[in-house]
Amino acid sequence: MFLRHHLPGLGGLLVWEPCHVIWVVPVTELYKAQTALRLGKIWGLVTPRGIHVQLTDPEAISDVLARRMDFQRPSEPYKILEIFGPCISSATAENWARHRKAIAAPFNENIMSFVWSESVQQAQDLVSSWMKDGVHSCSKDVRTLSLNVLAATGFKKSFKFQHWKGEESHNDSDLSYRDALQIILDNAILLLILRPKLLSSTYLPKSWQRVGKAASAFQTYMQQMLKEEMDSFDQGKKGSGSLMTSLVRAGDEYSPSSVSGNTRTKGLSVDEMFGNIFVINFAGHDTTANTLAFGVLLLAAHPEVQAWVAEELKQHCNDTTPESWQYNELFPKLVRCRAVMYEILRLFPPILTLQKGTRSDPKTIRTSERTITIPPNVQVNCFVSTHYHPDYYPNPHRFEPSRWVDTNEQFIPPRKGAYLAWADGGPQVCPGLKFSQVEFVAVLACVLGGCRIEAVRLEGESDEGMRERVMEVVNDCDLTLLLRMKDAERVRLRVLRA
Ligand code: HEM
């Protein structure tokens with residue numbers, strides 16, 4: 001029998017086997033399958049606070065993800081996200097479908113086309129600034145790009161890309177929607193803990209008050225957008241096409257039949273719309289920005305992957321300029337670009353575990369070997385350690401995007417339950433899956449369409465030496481809400497015309 005203790009304060013998992021050594025697995029290593037290889041694809045962690053079952057078995061994971069009501073995602077821990085109102089992440093299992101129906105509305109093909117053209121525009125500006133002024137901070141620049149795409153989609157207005165030049169300029173007198181969003185997302189932890197009202201207090205440091213001010217500006221923007229949408233809705237007009245347009249039109253907000261007693265049965269209340277606009281931005285920003293940052297460094301370390309992607313771009317973009325690229329024609333053809341994203345997220349998924357749990361009844365799960373029974377009130381974690389398991393991915397530690405493409409240049413979809421980057425495989429799949437893919441592919445196509453990313457070599461450094469040095473930086477991660485590189489700027493980069 002194993003006795004295992006979870007010590008959250010240590011940022012790791014202490015696994016203790018009598019007669020064996022005690023070993024501490026850092027959280028950022030925990031997902032890399034060593035524990036599953038050692039203990040098996042399903043193992044349990046028994047703590048004074050409860051029992052946690054860890055799954056690395058794709059059959060078991062698929063079964064759990066498909067049964068949303070049997071294995072419910074805990075909603076309590078996500079209450080903290082309700083800064084502007086209740087949202088999908090904190091909704092109870094019974095309320096979740098209503099939120100999801102409304103939230104799914106903005107993620108339609110019209111918006112994808114907008115995301116594509118906005119990402120192409122932003123990426124072109126990013127590339128020209130990198131060519132002209134050099135790369136000062138790739139992680140900050142891709143963050144700006146991802147924020148601009150999100151803000152443009154939310155507000156239906158483009159924002160000019162400005163690359164990081166080594167200093168931060170603060171002009172907070174008249175915050176734009178984009179700037180307010182940037183301040184609140186950059187300071188999300190502070191905002192989640194102290195809340196906007198407290199942060200507005202004049203007794204707090206100026207930098208904290210700035211976050212409170214941004215939260216209040218963001219709330220005002222949402223109120224204005226709502227008013228405009230309601231006015232155009234009442235006048236039978238189309239609306240601006242922003243996130244708010246879709247949320248307002250997705251449900252029956254105005255209809256009395258959508259509220260029964262104190263319970264809303266359809267659509268979203270005003271607070272819920274605001275809460276969901278925040279959570280869509282919160283969930284969509286760092287996930288995509290971190291993926292882009294990992295991507296830039298991984299590509300710098302793997303010039304052969306850049307050449308492989310460039311081949312595809314040459315074939316399909318045919319020396320045309322990015323402005324002429326049409327989303328519906330080009331996006332489906334850029335299979336290698338999509339494969340690069342899948343491979344980055346296989347190795348560095350931002351969310352390491354999908355938490356589910358049984359309620360007051362025991363539940364059975366079908367695993368690859370047998371059916372097991374999970375007792376009541378047990379947390380069941382679907383673990384991304386499948387991504388590093390050699391049974392599902394040969395040479396799992398290698399960055400090898402070509403594993404996702406067959407000899408006919410068709411995308412090979414991941415095995416069910418073995419790829420969890422977007423929680424794919426059940427109703428709670430990330431609603432931003434396609435949004436993030438469209439953005440990533442557009443950016444990659446713009447960057448590698450005419451340029452190559454290079455890590456500046458140290459004196460006398462070999463190809464292999466450079467790769468090892470860059471990969472050391474890529475693998476040096478921490479977990480601040482999401483998995484991310486600690487310091488991408490340790491690698492100096494340059495962008496050259498191909
Ligand atoms: C590389 C990019 C992204 C990755 C890897 C990713 C991953 C995920 C994962 C794993 C979940 C499920 C979390 C859970 O159940 O605990 C999730 C949920 C969510 N994501 Fe994403 N995401 C990405 C981009 C986006 C984007 C661009 C948006 C919006 C613009 C977005 C919006 C959301 C929302 C609203 C949820 C909550 C859905 C729900 O509770 O049902 N995500 N995402």
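First listed ligand is number 1; within each ligand, the first listed atom is number 1.
- Using a 4.0 angstrom heavy-atom cutoff, F440 does not count as in contact with ligand 1.
- For ligand 1, the atoms sitting less than 4.0 Å from at least one non-hydrogen atom of G432 are 25 (C), 26 (C), 27 (C), 28 (C), 31 (C), 42 (N), numbered in the order shown with element in parentheses.
- Among protein heavy atoms, the minimum distance from atom 28 (C) of ligand 1 is reached at G284 CA, 3.4 Å.
- The closest side-chain donor-acceptor pair between Q72 and R359 falls under 3.5 angstrom.
- K140 and E489 are not joined by a salt bridge, as no carboxylate oxygen comes within less than 4.0 angstrom of a charged side-chain nitrogen.
- Residue R73 places at least one N or O, backbone or side chain, under 3.5 Å from an N or O of ligand 1.
- Among A91, A421, P431, the residue whose heavy atom sits closest to atom 19 (C) of ligand 1 is P431.
- Residue-ligand proximity, T291 to ligand 1, at heavy-atom distances under 4.0 Å covers atoms 1 (C).
- The distance from ligand 1 to the heavy atoms of A283 drops below 4.0 Å at these ligand atoms: 20 (N), 25 (C), 32 (C), 33 (C), 34 (C), 42 (N).
- Residue, atom and distance of the protein heavy atom nearest to atom 8 (C) of ligand 1 are C430 CB, 3.5 Å.
- W422 CD1, 3.6 Å is the protein heavy atom nearest to atom 6 (C) of ligand 1.
- In this structure, a donor-acceptor pair under 3.5 Å is absent between the side chains of E400 and Y393.
- Between the side chains of T367 and D57, no donor N or O sits under 3.5 Å from an acceptor N or O.
- Between W404 and Y419, the ring centre distance stays below 6.0 Å.
- Between the side chain of W116 and the backbone N or O of W325, at least one donor-acceptor pair lies under 3.5 Å.
- For the pair K157 and F159, the cation-pi test (distance below 6.0 Å, angle within 45°) is passed.
- Nearest heavy atom pair, residue T245 against residue G239, reads CG2-CA, 4.1 Å.
- Using modelled atom types, one side-chain atom of T358 and one backbone atom of N377 make a donor-acceptor pair closer than 3.5 Å.
- Per-residue contacts place P350 under 4.0 angstrom from the following atoms of ligand 1 (heavy atoms of the residue considered): 5 (C).
- Residue-ligand proximity, A423 to ligand 1, at heavy-atom distances under 4.0 Å covers atoms 10 (C), 12 (C).
- Heavy-atom proximity to F107, at under 4.0 Å, picks out these atoms of ligand 1: 29 (C), 30 (C).
- Inclusion of R100 in the set of residues having an N or O under 3.5 Å from an N or O of ligand 1 is warranted.
- Taking every non-hydrogen atom of I351 and a distance limit under 4.0 Å, the qualifying atoms of ligand 1 come out as 8 (C), 9 (C), 10 (C).
- What sits closest to atom 41 (O) of ligand 1 on the protein, heavy atoms only, is W96 NE1, 3.0 Å.
- Here's the thing with K356: none of its N/O atoms is less than 3.5 angstrom from an N/O atom of ligand 1.
- Protein heavy atom nearest atom 23 (C) of ligand 1, with residue, atom name and distance: T287 OG1, 3.5 Å.
- The aromatic rings of Y177 and F155 lie parallel to each other, with less than 30° between the two planes, well short of the 60° mark.
- Side chain of S137 to backbone of W164: no donor-acceptor contact under 3.5 angstrom is found.
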